[in-house]
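Note sheet for the following structure.
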Amino acid sequence: MEYRKLGRTGLEVGAIGLGTEHLENSRDTIEQVIHTAVDGGVNYIDLLSSDPQRDADFWDNFGPVFRTYRDRLILAVNWGEPIRYFDLDYCQRCFEGILERVGNNYVEVVKLMMVDTEAKWNGWAQDSLECLRRYQEQGRVGTIGMSSHYAPIAIKAVESGLIAVLMYPLNLTSHIREQDKALIQACVDHGVGLVAMKPYGGGSLFFPKGEVAPATPAQCLHYLFSLPVSTTVPGVKNAEELRAALHYWDATAEERDYTQFLADLHHYLAGDCTYCNHCLPCPQGINVGKTIWLADVGQYYSFDEIEPVYAALPARASECTECGVCMERCPFEVDVVAKMRRAVEVFEATV
């Protein structure tokens with residue numbers, strides 16, 4: 001295992017960490033995964049579950065195994081969740097429950113969960129930071145961080161100096177995303193530890209697309225390790241998938257080589273919006289990239305949270321005249337007109 005500094009936190013973390021979002025919830029599987037992780041030098045575990053009462057079965061299986069190795073592991077937990085994040089009392093009750101279950105009433109990293117909008121950063125996140133600083137003063141929290149899927153908000157948080165760790169989706173497709181490159185540089189400039197989630201693109205990079213061959217875990221990881229990330233947290237289901245990630249350290253240079261995939265990246269992304277806005281300017285003033293992004297991520301948020309963000313855009317998707325100028329400019333052959341129709345269905349059909 002290679003160990004890297006987690007930004008300015010003073011912690012050193014294994015380059016390969018452990019994500020638990022897809023972990024099969026059985027004591028046997030969890031025991032195998034944790035044992036495999038520890039044996040492989042993994043010391044950073046990102047824990048998705050933020051409500052110990054709702055996810056009692058998971059905690060009953062995970063807690064006893066984790067506590068066996070508590071002094072050898074760095075735990076990153078979430079503060080809040082997408083649906084009830086606005087209820088600070090609920091966030092605090094859940095966090096207190098986590099502290100009771102980790103074995104030493106302390107977590108090394110706590111992250112504001114999914115801060116993807118200006119309103120959430122300016123409102124709930126600031127109130128939550130005050131709460132978490134009190135936990136720091138009590139010696140129950142080491143480092144305050146944040147997770148985000150939207151680069152402009154993530155950059156704002158990094159540049160604020162208020163967070164020391166950022167979890168953000170990075171993978172081979174980030175190679176052509178200018179906003180991702182700007183975010184990575186901001187983390188370097190401000191000493192923020194960068195944790196790469198979704199290193200396999202949610203598993204999509206393992207499937208062929210057209211004539212483009214699928215990527216492998218070794219290729220995905222080698223690309224990330226070429227960047228100034230502190231660690232990455234593949235979300236494995238079982239020990240077999242974790243061993244596939246840890247095989248990276250035994251992989252040959254040929255097995256790690258991702259250059260051909262990058263050469264084919266434009267073909268791989270054909271039809272998929274990367275929110276790059278190379279299609280602008282729109283004659284109607286539509287922010288095409290952000291409009292499509294909001295429609296894409298709408299499934300992860302309540303309508304009440306993201307609709308105001310959509311409403312604040314300079315022009316709505318319904319103002320699209322289907323002139324096709326954006327599609328002529330798009331480097332990835334995206335059917336922008338269809339995407340605008342989809343945004344109307346998501347945000348305007350119920351208005």
Just so I know, are the side chains of V195 and V233 near enough to count as touching, which here means a heavy-atom distance under 4.5 Å? yes
Quick one: does any side-chain atom of [X] pair with a main-chain N or O of [Y] as donor and acceptor, under 3.5 Å?
| X | Y | value |
| --- | --- | --- |
| S174 | R177 | no |
| S147 | M114 | yes |
| R4 | F225 | yes |

Hey, are [X] and [Y] close enough for a salt bridge, meaning a charged N less than 4.0 Å from a carboxylate O?
| X | Y | result |
| --- | --- | --- |
| E137 | R134 | no |
| E81 | R84 | no |
| R70 | E108 | yes |
| R93 | D51 | no |
| E21 | K237 | no |

Qualifying residue, where the test is side chain to side chain contact (heavy atoms under 4.5 Å, CB included) with K111 and the options are D46, L47, T143, V77: D46
May I ask whether [X] and [Y] are part of the same hydrophobic cluster, defined by side-chain heavy atoms of I, L, V, M, F, W, Y residues being less than 4.5 angstrom apart, directly or through others?
| X | Y | result |
| --- | --- | --- |
| I155 | L166 | yes |
| Y268 | Y223 | yes |
| V65 | Y44 | no |

Apart from V188 itself, its cluster of hydrophobic side chains linked below 4.5 Å comprises none
Would you indicate whether [X], at its atom [atom1], is surrounded by more than 12 heavy atoms from other residues, nucleotides or ligands within a distance under 6.0 Å?
| X | atom1 | value |
| --- | --- | --- |
| E322 | CD | yes |
| E333 | CD | no |
| K181 | NZ | yes |
| Q138 | CD | yes |

About how many Å separate CG of L129 and CG of L112, when rounded to the nearest 0.5 Å? 5.0 Å
So, taking the atom named CD in Q219 and the one named CG in N171, what distance separates them when rounded to the nearest 0.5 Å? 13.0 Å
Salt bridge (charged side-chain N to carboxylate O under 4.0 Å, His left out) between R342 and D296, intermediate numbers included: CA-CA 9 Å; R342 171 61 181 156; D296 286 347; over 6 Å; no
For [Y] together with [X], are the ring centres under 6.0 Å from each other?
| X | Y | result |
| --- | --- | --- |
| H149 | Y168 | no |
| F95 | W79 | yes |
| H278 | F332 | no |
| W121 | Y85 | no |

Once you measure the plane-to-plane angle for F62 and W59, does it fall in the parallel (<30°), tilted (30-60°) or perpendicular (>60°) bin? perpendicular
Contact summary for [X] and [Y], nearest pair of heavy atoms:
| X | Y | result |
| --- | --- | --- |
| A245 | Y200 | CB-OH, 3.5 Å |
| V229 | L170 | CG1-CD1, 4.0 Å |
| V33 | N238 | CG2-C, 3.5 Å |

Between R140 and Y106, is NZ or CZ placed under 6.0 angstrom from the six-membered ring centre and within 45° of the ring axis? no
Apply side-chain contact (heavy atoms from CB on, under 4.5 Å) to the pair L162 and I144, showing each step before the final yes or no. CA-CA 8 Å; L162 297 175; I144 299 174; over 6 Å; no
